[in-house]
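Throughout, a chain's letter reflects where its sequence line sits, starting with A, and its residues are numbered from 1. Please read these numbers as outputs of a predicted model, since none were measured by experiment.
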Amino acid sequence: MSKILVIVESPAKAKTIEKYLGKGYIVESSIGHIRDLPKSAAEIPPKFKNQSWARLGIDVEHDFEPIYVVSAEKKSQVAKLKSLLKDVDEVVLATDDDREGESIAWHLYQELRPRVPVRRMVFHEITPEAIRKAIQNPRSIDQNLVEAQETRRALDRLYGYEVSPVLWKKVAPKLSAGRVQSVATRMLVERERERMRFRSATWWDLEGLFEAKGVRFPAALAELDGVRLASGKDFDAQGRLKDGAKVVRLAEGEARALAQALAGSDFRVASLEERPFTQRPYAPFITSTLQQEGGRKLGFSAARTMRAAQRLYEGGYITYMRTDSTTLSQEAMDAARKQVRSLYGDAYLHPAPRTYDKKSKNAQEAHEAIRPAGSTFRTPESLRAELGDDEFRLYDLIWKRTVASQMADARGRRTALRLEGAASDGRRATFSASGKTIDFPGFLRAYVEGSDDPEAALEDRETILPDVTRGDAVEARKLEAKSHATQPPARYTEASLVQALEAAGIGRPSTYASILSTIQDRGYAVRRGTALVPTWTAFATSALMEGNFGRLVDYDFTARMEEDLDDIAGGRKRRGPYLRAFYFGEGEGGLGLKNLVESRLETIDPREVATIEVPRLEGSGIEVRVGRYGPFLKRGEETANIPADLAPDELDLERAEELLRTAQGERVLGTDPGTGLPVLARAGRYGPYVQLGEDTPPAKTASLLPGDKLEALTLERALELLSLPRFVGKLDGEEVWAYNGRYGPYLKKGSDSRNLGSHEQLFTVTLEEAERLFQQPKARRGAKGPLRVFEYPDREPIELREGRFAPYLTDGQLNASLRSGEDPLELSAAEARDILGERGKPPKNAGKRPSRSAGTAKAAAKGKAGARKAAAPAKTAARKAPASRAAKGGKAATKPRAAAGSKPAEWRELQAYVGVLSDTERRLVTATRGEGRKVEEVAPELGLEVAKARGMALQASKKLNQALREARG
DNA sequence: CAGTGAGCGAGCTTCCGCTTGACTT
């Protein structure tokens, strides 16, 4: 008997199908994609490593030929499939019937290279008949569809891997950009910008409680003397009444006076309108709506909803949970209708089977809607005992929604009632009340959709009005003036962002949940309650993207891409030309990503990118910037960290001033008894420190030591820190001092120095210990020694040393760092030799450059290409290099000094270069540094604000130092 | 976003979309 191997994507699906197919069939799964472009350097096959395009995983020079690798976690599955292949006579590739599914089938074919016949087929429904029918109608792999997928993959890779590095260099390392996440982030940012520009308007009205025929009901003032009362929709986002709005706007006093004037008035029914309505049930669940309702009704995050759904699917309780199709199979339709009839009766059944149009853009519809599995739906109650809590609640939701989708419309009436009364001042007031009566609940018996807006949900409930007719008297029980305010547009929640992305055709059901975690993991958004609040980093990134890669964050970008992919799938376009236009800019309207990125790397000024526009701070001289240590405010030389829990739209001028006043972390600890000067704790660019005196420059500063916390610092400890350096004693006639330095604690004796083991030793080290330390050679090469030494008969020994970044190997000529997977303890001599041979490199700075300034180095490296714009790129480079180092968790220790080894220059040395300064700068520095006067005193004479003068003085000093360095060569 | 002296050495971060465990807590 012949055997057939059927390969599907999901193991759970494989299990189900195997049951239906029975003997003669082996059903296995690929577990999704089996191959992909290499993710990182470690996955790139060695033979491509030297190619300039290797980091992309796509040979952009040869028609965008992709490199595919079987990722580590799929290797065992691929091996399993290969071994199963040996014993079968035929292979059936039954992956999903969409672009990705077709591609998986093709990759399976490529990777497995079966020697037996291969057929491609698709199931749209998992029932014995449907599967048997599919098996009888095989087709071949659709190469155009595969090509469309490959195009999509390449475009996403090129976008992500070309643009992300721009962010690393201009904003912060490890950030990312991508077709989906960058648009998602932009949506959050744009909404927050609206909120930041928003000005609220307030108005007043009257709310009354009326009674007629024994029924009490609320009604609100709608008109005054026939003119409509202003309400929220009459105001614009600036809090102004819209042009041409013919309305009355009541102020508080007027509203209260009117309430008084109406007290005791007679009211009559002026009009009564009744309109019938019907309401259709909602479409069965797809991934996005399931996530939305899971969030609204159950309070689940998108990820939690999907975890529960996955378990339900694996247990065979529901159909596949990653779908964009609202279609129910015939089997499901029958089951739902049967259940409606038995649970609610024929009256509740919609006369004909209901179908729902696909509603999302770019839907691929490879699966059916999410619904209870099987041809008979099990009721939630019957599963109570066997399901976990989350699963039960989610199943209940799915079951209700599916059943409701086949039920009858709800029918009811909406009534609008208007009441009139005359005020004592002669004005005529009209109140309106609305009611809603459900005559026949239909599907509402089973399911009411949740809402993001609880107020709207409340209004949705049934409201009963008394059975009155025109002219009937109505009694006012209570009349109250009430204030209202317009609200800014609401922030996105996880659910509403998914909805917005889906509406724009961006992202796929399988990725919605991970999009949300990506933008949170990258620090573009944080959750506050259910709301997603964009961070300042998101503002900086989005502004960069909008200003420099506008087309890539266009909301229609994906939509246009999808059209092009459809053309490729339909054979009307080719992958090559399309990608060449996108990447190289060939052809009309081609984007030309490669050149765009190159030119933007030159032109984008990181300082500009780091500065964020905040409308409410315009003209105040206060800037918001994102720096290495997070967002901060800046006004001249004053700075203050912006607390993480302050949402961008909450930062107004008042708050900003307050933050600057009590600069975060900055506080006065007390007074130094010795000098009488105040002791301040502050957060600086090199971390927290304490400062003696309020002047600029302060009398003294000292960094906090590793165990110290800025928030918990005491005056006592601060004074201790400020007491450094400590005089330890005299050795050989020279003074020994204990310093806390850039590279840690150390002892200094004349021009000689030694590291100390711990910071506490600064306070405890004795002269005897110091003497011993100075007797030992300097703690460099010899002191630490290699971790291990590998010896070889035929070559120099190789040493394994502890490095600043990671352990590394060296033989004196070549060095190579160990990578994450390589254990320094497990390493063998042979491996060490291989590693050094494979990627050993001679030291870069073999004692050539006097300056380690990154700015100089980068500018120099740019050489010919950058010569034209030498000034601008140099500035760029100077800032970005320290940024990338610092963010790695390295402290100030790795910051390069502009001029190694130079001491702060003396004024008399600098004086010679005042020619490089402007007139004002020169007068300022001469007065402060030359004559020792205070900035506060000099500033008014020069017509400057003190803060500005401080900044100028600092700039001037930098210029002078720069000039001095240049002169020294 | 403060100032406080030394120096061998790097390699990586990142995309979107298809799928589950294998890990630990």
> Would A:Trp106 and A:Gln149 satisfy side chain to side chain contact (heavy atoms under 4.5 Å, CB included), going step by step from the backbone distance to the final call?
Replying inline: CA-CA 11 Å; A:Trp106 180 78; A:Gln149 191 278 343; over 6 Å; no
>> For A:Phe582 and A:Phe557, take the angle between the two ring planes, folded into 0 to 90°, and tell me which bin it lands in: parallel under 30, tilted 30 to 60, perpendicular over 60.
In response: tilted
Separation of [N] [atom2] from [X] [atom1] (nearest whole Å):
| X | N | atom1 | atom2 | answer |
| --- | --- | --- | --- | --- |
| A:Leu800 | B:dG9 | CG | C1' | 12 Å |
| A:Lys700 | B:dT4 | NZ | P | 9 Å |
| A:Leu705 | B:dT4 | CG | C1' | 13 Å |
| A:Leu680 | B:dG3 | CG | P | 14 Å |
| A:Asp811 | B:dG9 | CG | P | 14 Å |
| A:Leu692 | B:dT4 | CG | P | 13 Å |

> Taking both distances under 3.5 Å as the test for a Watson-Crick or G-U pair, what stems of at least three pairs does DNA chain B have?
Replying inline: none
> Base, sugar-phosphate, or nothing for A:Tyr739, non-hydrogen atoms under 4.0 angstrom?
Replying inline: nothing
> Is A:Arg522 positioned over the aromatic face of A:Tyr524, cation under 6.0 angstrom from the ring centre and no more than 45 degrees off axis?
Replying inline: no
Who are the salt bridge (Lys or Arg N to Asp or Glu O under 4.0 Å) partners of [X], not counting sequence neighbours?
| X | answer |
| --- | --- |
| A:Glu9 | none |
| A:Lys13 | A:Asp96 |
| A:Lys749 | A:Asp732 |
| A:Arg307 | none |

> Which atom names give the shortest non-hydrogen contact between A:Thr558 and A:Gly505, and what distance separates them?
Replying inline: CG2-O, 3.2 Å
> Along nucleotides 13-22 of chain B, 5' to 3', which nucleotides get a B, which get an S, and which get a -, given that the test is a protein heavy-atom distance under 4.0 Å?
Replying inline: BBBBBBBS--
>> So is the aromatic ring of A:Tyr689 stacked onto the base of B:dA2, judging by whether the centres are under 5.5 Å apart and the planes are under 30° apart?
In response: yes
> Out of curiosity, A:Leu501 CG to A:Arg508 CZ, how far, rounded to the nearest 0.5 Å?
Replying inline: 13.0 Å
